J.: 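Here it is, the structure in full.
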Amino acid sequence: MICTICEQPIEDGQPFKRHARGDRLSPAYTHKACRKPASTVPFITTWSSEITADPLVIPRGLTGIGYAGEVASDRDDLGLLWQRRTESPGAGRALHGKVHPARQRRAMRELLCQVCGEPADSDDRGVLWLIEDAGDGYLGWPEDLLTTHPPICLDCIRSAREQCPHMWKGSAAVRVGRSDVCAVYGRRYTLGRLGPLPVEAGVISLDSPLLHWTVAGQLVRGLNDCTIVSVDEELAAHL
């Protein structure tokens, strides 16, 4: 067995933990000593002080949706309607697992580290990403992968593997030579008799006619020219 955090064998007698991988047949294993309690709040995490009541979604004729009492900050420069959140990071309680739409959007557009908010690491092979579930999902993975996770910097990659339970199930460090913002993840609506009705959450392409019926929550990038790399080797090369 190989630990998914340190990538070293789990020897006889060493305490370890088995992690289920959803629909995948093979489980993942980690040394118990490698798993650390969360001590860092990622840049893209929402804080309890930033949660607001969801505004009323209303139709904009037959062409899409908007908010009642909509303000300029509810839309981005492409005119896309975004989930509303205030900005007060550090105030209240960190809501791990809840992504802050505006900070995620900024990190994806500017290629900032999802953990610290500083520029992600980049070299001649591309920008550094840490991707969940280093996988066997399809031939050529992770080429053409769509992700809502912003990239990462070398200072944060080790702590992300140690502290994020999602990464304990398996992850891969990837140098991405080319990535493009191509979609949003959000809640899609349809026009009902009494107003817009939520249909489903999912990925909506930026060229889809459904985009104007969507409340976006996260930007999506497509990853191309990918090279899987070793975390240890990446860190050693930058000492």
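These numbers come from a predicted model, not from an experiment. Numbers here are sequence positions counted from 1.
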J.: With rounding to the nearest 0.5 Å, note down the distance linking CG in Asn224 to OG in Ser179.
T.: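 If I round to the nearest 0.5 Å, the distance is 8.0 Å.
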J.: Does a side-chain N-to-carboxylate-O contact under 4.0 Å join Asp76 and Arg109?
T.: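 Yes.
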J.: Just do the side-chain contact (heavy atoms from CB on, under 4.5 Å) check on Gln8 and Cys3 with the steps written out, would you?
T.: CA-CA 6 Å; Gln8 298 301 311; Cys3 175; 5.6 Å; no
J.: Within the side chain of Thr45, is there an N or O that forms a donor-acceptor pair under 3.5 Å with the backbone of Ala94?
T.: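 No, because the side chain of Thr45 does not come within donor-acceptor range (under 3.5 Å) of the backbone of Ala94.
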J.: Nearest 0.5 angstrom please: Asp121 CG to Leu154 CG, how far?
T.: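 The CG atom of Asp121 sits 4.0 Å away from the CG atom of Leu154.
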J.: Between the side chains of Thr227 and Arg125, is a donor N or O closer than 3.5 angstrom to an acceptor N or O?
T.: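 No, no side-chain donor-acceptor contact under 3.5 Å.
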J.: Tell me the closest heavy-atom pair linking Ala107 and Phe43, and the distance in Å.
T.: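 The pair with the smallest heavy-atom distance is CB-CE2, 4.3 Å.
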J.: I'd like to know if Arg187 and Glu200 make a salt bridge, using a cut-off of under 4.0 Å between side-chain N and carboxylate O.
T.: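 Salt bridge: no.
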J.: Go through it in stages, so that I can follow the logic: the residues are Ile131 and Thr147, the test is side-chain contact (heavy atoms from CB on, under 4.5 Å), and I'd like the CA-CA distance, side-chain angles, deciding distance and then a yes or no.
T.: CA-CA 8 Å; Ile131 301 171; Thr147 184; 5.8 Å; no
J.: Which value, rounded to the nearest 0.5 Å, describes the distance between Tyr189 atom OH and Ile65 atom CD1?
T.: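 With rounding to 0.5 Å, OH (Tyr189) is 6.0 Å from CD1 (Ile65).
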J.: If I compare all heavy atoms of Leu128 with all of Cys153, which pair ends up nearest, and what's the gap?
T.: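 Shortest heavy-atom separation between Leu128 and Cys153 comes out as CD2-C, 4.4 Å.
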J.: Are any non-hydrogen side-chain atoms of Glu234 and Ile157 less than 4.5 angstrom apart?
T.: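 Answer no - side chains too far apart.
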J.: Could you tell me whether the side chain of His100 reaches within less than 4.5 Å of the side chain of Ile44, counting heavy atoms only?
T.: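 In short, these two side chains do not touch, never coming nearer than 4.5 Å.
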J.: Does the side chain of Gln114 pick up a donor-acceptor pair with the side chain of His149 at under 3.5 Å?
T.: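 No, no side-chain donor-acceptor pair sits under 3.5 Å.
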J.: Check whether any side-chain heavy atom of Glu132 sits under 4.5 Å from a side-chain heavy atom of Ser171, and report yes or no.
T.: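 No, their side chains stay 4.5 Å or more apart.
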J.: Mind checking the CZ-CE spacing from Arg103 to Met108? Nearest 0.5 Å is all I need.
T.: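 Taking CZ in Arg103 and CE in Met108, the distance rounds to 15.5 Å.
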J.: So, Ser230 and Asp232: side-chain donor and acceptor under 3.5 Å apart, yes or no?
T.: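 No pair is found: no donor N or O on one side chain lies under 3.5 Å from an acceptor on the other.
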J.: Got a donor-acceptor contact below 3.5 angstrom from the Ser208 side chain to the Leu210 backbone?
T.: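 At least one qualifying donor-acceptor pair exists.
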J.: Count the heavy atoms belonging to other residues, nucleotides or ligands that lie under 6.0 Å from OH of Tyr67, then report whether that count exceeds 12.
T.: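 Enclosed: over 12 neighbouring heavy atoms sit under 6.0 Å from OH of Tyr67.
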J.: Please report the interatomic distance CG(Leu78) to CG(Leu211), rounded to the nearest 0.5 Å.
T.: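 Separation between the atoms: 8.5 Å.
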J.: I need the His31 NE2 to Ile2 CD1 distance, nearest 0.5 Å.
T.: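 Reported value, rounded in 0.5 Å steps: 8.5 Å.
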J.: Side chains of Arg221 and Leu111, heavy atoms from C-beta outward: is any pair under 4.5 Å?
T.: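 In short, these two side chains touch, coming nearer than 4.5 Å.
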J.: Looking only at atom types and distance, does a side-chain atom of Glu143 sit under 3.5 Å from a main-chain N or O of Gly140, one as donor and one as acceptor?
T.: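 Here the side-chain-to-backbone pair does not exist.
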J.: Restricting to non-hydrogen atoms, name the atom on Leu206 and the atom on Val181 that form the minimum distance, rounded to 0.1 Å.
T.: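 Shortest heavy-atom separation between Leu206 and Val181 comes out as CD1-O, 3.7 Å.
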J.: Given the rule in the side-chain contact (heavy atoms from CB on, under 4.5 Å) test, do Trp213 and Thr63 qualify, once you have shown the distances and angles that lead to the verdict?
T.: CA-CA 8 Å; Trp213 292 92; Thr63 61; 6.0 Å; no
J.: Donor-acceptor pairs under 3.5 angstrom involving side-chain atoms of residues 52-60: please list them, not counting sequence neighbours.
T.:
none

J.: So does Ile51 get a backbone contact from the side chain of Arg85, meaning a donor-acceptor N/O pair under 3.5 Å?
T.: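 The answer is no, because no donor-acceptor pair under 3.5 Å joins these two groups.
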J.: Do Met167 and Thr4 touch side chain to side chain, with heavy atoms closer than 4.5 Å?
T.: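 A side-chain contact under 4.5 Å is absent here.
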J.: Considering residues, nucleotides and ligands other than Asp12, do more than 12 of their heavy atoms fall under 6.0 Å from its CG?
T.: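 Check fails, neighbour count at 12 or below.
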J.: Looking at every non-hydrogen atom in both residues, tell me the closest pair between Cys226 and Val176 and how far apart they are.
T.: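 The answer is SG-CG2, 4.2 Å.
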J.: Check step by step if side chain to side chain donor-acceptor pair (under 3.5 Å) holds for Arg35 and Thr30.
T.: CA-CA 7 Å; Arg35 292 182 287 119; Thr30 58; 3.2 Å; yes
J.: Do you know which of Val229, Leu223, Ile152 makes side-chain contact (heavy atoms from CB on, under 4.5 Å) with Trp129?
T.: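 Among Val229, Leu223, Ile152, the one that satisfies the side-chain contact (heavy atoms from CB on, under 4.5 Å) with Trp129 is Leu223.
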J.: Is the backbone of Arg93 close enough, under 3.5 Å, to the side chain of Ser48 for a donor and an acceptor to pair up by distance?
T.: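 Side chain of Ser48 to backbone of Arg93: a pair is present.
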J.: Taking Pro101's backbone N and O only, do any of them form a donor-acceptor pair with Gln83's side chain (distance below 3.5 Å, no angle check)?
T.: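 Pair absent, no side-chain N/O of Gln83 close to backbone of Pro101.
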J.: Go through the steps for Val184 and Val203 under the test side-chain contact (heavy atoms from CB on, under 4.5 Å), then give the verdict.
T.: CA-CA 6 Å; Val184 298; Val203 174; over 6 Å; no
J.: Evaluate whether atom NE2 of His96 has more than 12 neighbouring non-hydrogen atoms of other residues, nucleotides or ligands under 6.0 angstrom away.
T.: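 Counting neighbours around NE2 of His96, more than 12 heavy atoms of other residues, nucleotides or ligands fall under 6.0 Å, so yes.
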J.: Could Arg75 and Trp82 be counted as a cation-pi pair, given that NZ or CZ must be under 6.0 Å from the ring centre and within 45° of the axis?
T.: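 Judged by the rule (NZ or CZ under 6.0 Å from the ring centre, within 45° of its axis), Arg75 is not positioned above Trp82.
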J.: Examine distances only and state if a side-chain atom of Arg18 and a backbone atom of Ala28 form a donor-acceptor pair shorter than 3.5 Å.
T.: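 Absent.
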J.: I'd like to know if Glu50 pairs up with Arg84 as an ion pair, taking the criterion as any Lys NZ or Arg NE/NH1/NH2 lying under 4.0 Å from an Asp or Glu carboxylate oxygen.
T.: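 Not counted as a salt bridge, because no side-chain N and carboxylate O are separated by less than 4.0 Å.
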J.: A side-chain contact here means heavy atoms from C-beta on lying under 4.5 Å apart; do Leu146 and Cys182 qualify?
T.: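 Leu146 reaches Cys182 side chain to side chain.
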J.: Which residues pass the side-chain contact (heavy atoms from CB on, under 4.5 Å) test with Thr148, not counting sequence neighbours?
T.: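 side-chain contact (heavy atoms from CB on, under 4.5 Å) check on Thr148 returns Gln104, Tyr185, Gln218, Val220.
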J.: Mind checking whether Pro37 and Gln163 have side chains closer than 4.5 Å, heavy atoms only?
T.: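 Counting from C-beta outward, Pro37 and Gln163 never come under 4.5 Å.
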J.: Using 4.0 Å as the upper bound for N to carboxylate O, is an ion pair formed by Arg161 and Glu7?
T.: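 Between Arg161 and Glu7 there is a salt bridge, with a charged N closer than 4.0 Å to a carboxylate O.
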J.: Give a yes or no on whether a salt bridge exists between Arg175 and Asp225, defined as a side-chain N under 4.0 angstrom from a carboxylate O.
T.: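 Salt bridge: no.
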J.: For Pro89 versus Trp47, what's the shortest heavy-atom pair and its separation?
T.: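 Taking Pro89 first and Trp47 second, the nearest heavy atoms are CA-CD1, 3.6 Å.
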J.: Keeping His212 on the side-chain end and Leu80 on the backbone end, is there a donor-acceptor pair under 3.5 Å?
T.: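 Judged by distance alone, no pair lies under 3.5 Å.
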J.: Once the angle between the rings of Trp168 and His19 is folded into 0 to 90°, is it parallel (under 30°), tilted (30 to 60°) or perpendicular (over 60°)?
T.: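 The rings of Trp168 and His19 sit tilted, inter-plane angle from 30° to 60°.
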J.: With heavy-atom distances below 4.5 Å as the criterion, would you say the side chains of Met1 and Phe16 are in contact?
T.: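 The answer is yes; the side chains approach within 4.5 Å.
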